[in-house]
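Reading through the structure tokens given below for one structure.
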Amino acid sequence: MAAIAIMCVTAAWFFIRWNFANAVASRIDLTRPEAKPVVDWLIGMAPSDPQTHYAAAALFEKTFDPADLARSLREYELAAAFSPYNYVTWVNLGQTRNLHGDAGGAEAAYARALQLAPNYAAVQWAAGNFLIREGRTDEGFALAARAAASNPDYSRSAVVTALQIFEGDLAAVRNALGDTETTNAALAAALVGQERFDEAFETWSKLDSGKNPAEFRKFGENLVEQMVSAKKFRLAARITAGLRQNDADKPLVGQIANGSFETDIKLRGAYIFEWQIGAGAEPQIGRSETQKRTGGYGLSILFNSFEASDFRPVSQTVAVEPDSQYEFEAFYRSDLKTTATLKWEIADAAGSAVIAATQPFELAGDWATLTVRFTVPVGVDGILIRLVREGCVGPACRVIGRLSFDDLSIKRL
């Protein structure tokens, strides 16, 4: 009985030591300077615990000391030996063997990880990436494609890698990764990053909006932002049109959107090709059923201000053809009392440089028209049509009365 008691106490002691070392190794902060002696102490307490060796391997892997990298490899080897069914350990072992130039050992480790977790995207990606770097692109991209299909987070990296390997050949990329929604979405984003904007738009056009409408819209809106940032307004307008369900909301190249004000004007949250109304209280801006020339509505702007700061800008970005002539036309009514002048201005949407401007509005009890012809500069495919006020000197600028608009349009000459 005494012998049994001693054996039980001894077993309990080793069990407690093992569990304590395992628990500490799972939670240790590997960035702290005292981490190295701590992991050595934990290994001494539980030399056959895979977690202590895994923690040591991860710690020594992060330094730039060649001796530490060799120690990391030994610890990963021990962790794998003590836990042969843990795929994570085998993936890390494969990476470390590869860093040591042991391509055969790395491949064996990745093969073991795939055997243990054949459907895990992280394992497929790690193994596939290794094979690609080894020049075995067919096998590698097959695994990378499976990883991207399971987890779209890998799709962008897979596409970027494929573009590098195949020197930008889109057909080769699609052949390697599959001509799928995931691949094309990642390709479109990568092509924008490489400033291959036309190809990015064509790739985006391949996507099926009905498969995942929310994700399609989110991705499309992000693509529009990137196109606008790159000053590619025609492509941005075409993508925006593909995101809109109502034909009246779809921006068209060479046309003012909602120039007759028959659909709602958003006071906030308008997208790039809608009417943009500045924040503030003065002047009051909105659609009117009484101030209209045709249709059901016009735009009414009611001024009752004395301060120069009381002016809410009204503008719209319009996609146009570069190096082309257009004519802008606007119908208006005005009973304004002011020493300032107000007019419509056409500017380069990319840099805000003024291209043309109408004559100032005059008093007009009935509908009057203003027109101006302008030429879009070479290399510019977006204009900004904006209402401007000039002639205010100092902080005071009295403007009293109503200014109404309807049937604003541009046409290519």
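Given the structure is predicted, the values throughout are model-derived calculations rather than measurements. Each residue takes its place number in the sequence, starting with 1.
Residue pairs meeting the salt bridge (Lys or Arg N to Asp or Glu O under 4.0 Å) criterion with at least one partner in residues 160-170, sequence neighbours excluded, do not occur; the list is empty.
No donor-acceptor contact under 3.5 angstrom links the side chains of Thr180 and Thr182, judged on distance only. Between the side chains of Thr183 and Arg174, no donor-acceptor pair is found at a separation under 3.5 Å. Side-chain atoms of Ser404 and Gln291 form a donor-acceptor pair, as typed in the model, at a separation below 3.5 Å.
In this structure, Phe405 and Arg293 have side chains that are not in contact, with every pair of non-hydrogen atoms separated by 4.5 Å or more. Pro360 is not listed as a side-chain neighbour of Glu390, based on a closest heavy-atom distance of 4.5 Å or more. Taking 4.5 Å as the limit, some side-chain heavy atom of Leu163 sits within range of a side-chain heavy atom of Arg196. Counting only heavy atoms from C-beta outward, the side chains of Leu342 and Tyr332 never approach each other to under 4.5 Å. A heavy-atom distance below 4.5 Å is found between the side chains of Ile385 and Ile410. Within the 4.5 Å cutoff, the side chain of Glu139 has no heavy atoms near those of the Leu143 side chain. Between Tyr271 and Val224, the closest side-chain pair of non-hydrogen atoms is not below 4.5 Å. Residues Tyr120 and Ser150 have side chains not in contact (no heavy-atom distance under 4.5 Å, counting atoms from C-beta outward).
With sequence neighbours excluded, the residues that form a side-chain hydrogen bond (donor to acceptor under 3.5 Å, both in side chains) with Gln115 are Arg112.
Taking a cutoff of 4.0 Å between a charged side-chain nitrogen and a carboxylate oxygen, Lys411 and Glu329 do not qualify as a salt bridge. Using a cut-off of 4.0 Å between Lys/Arg side-chain N and Asp/Glu carboxylate O, Arg136 and Glu107 are scored as salt-bridged.
With ring centers used as reference points, Trp90 lies 6.0 Å or more from Tyr85.
In this pair, Phe311 and Phe303 present their aromatic rings parallel. The plane angle is below 30°, not in the 30 to 60° band.
Contact detail for Ala103 and Glu134: the closest heavy-atom pair is CB-OE1, 3.8 Å.
Other residues, nucleotides and ligands contribute at most 12 non-hydrogen atoms within 6.0 Å of the CD atom of Glu362.
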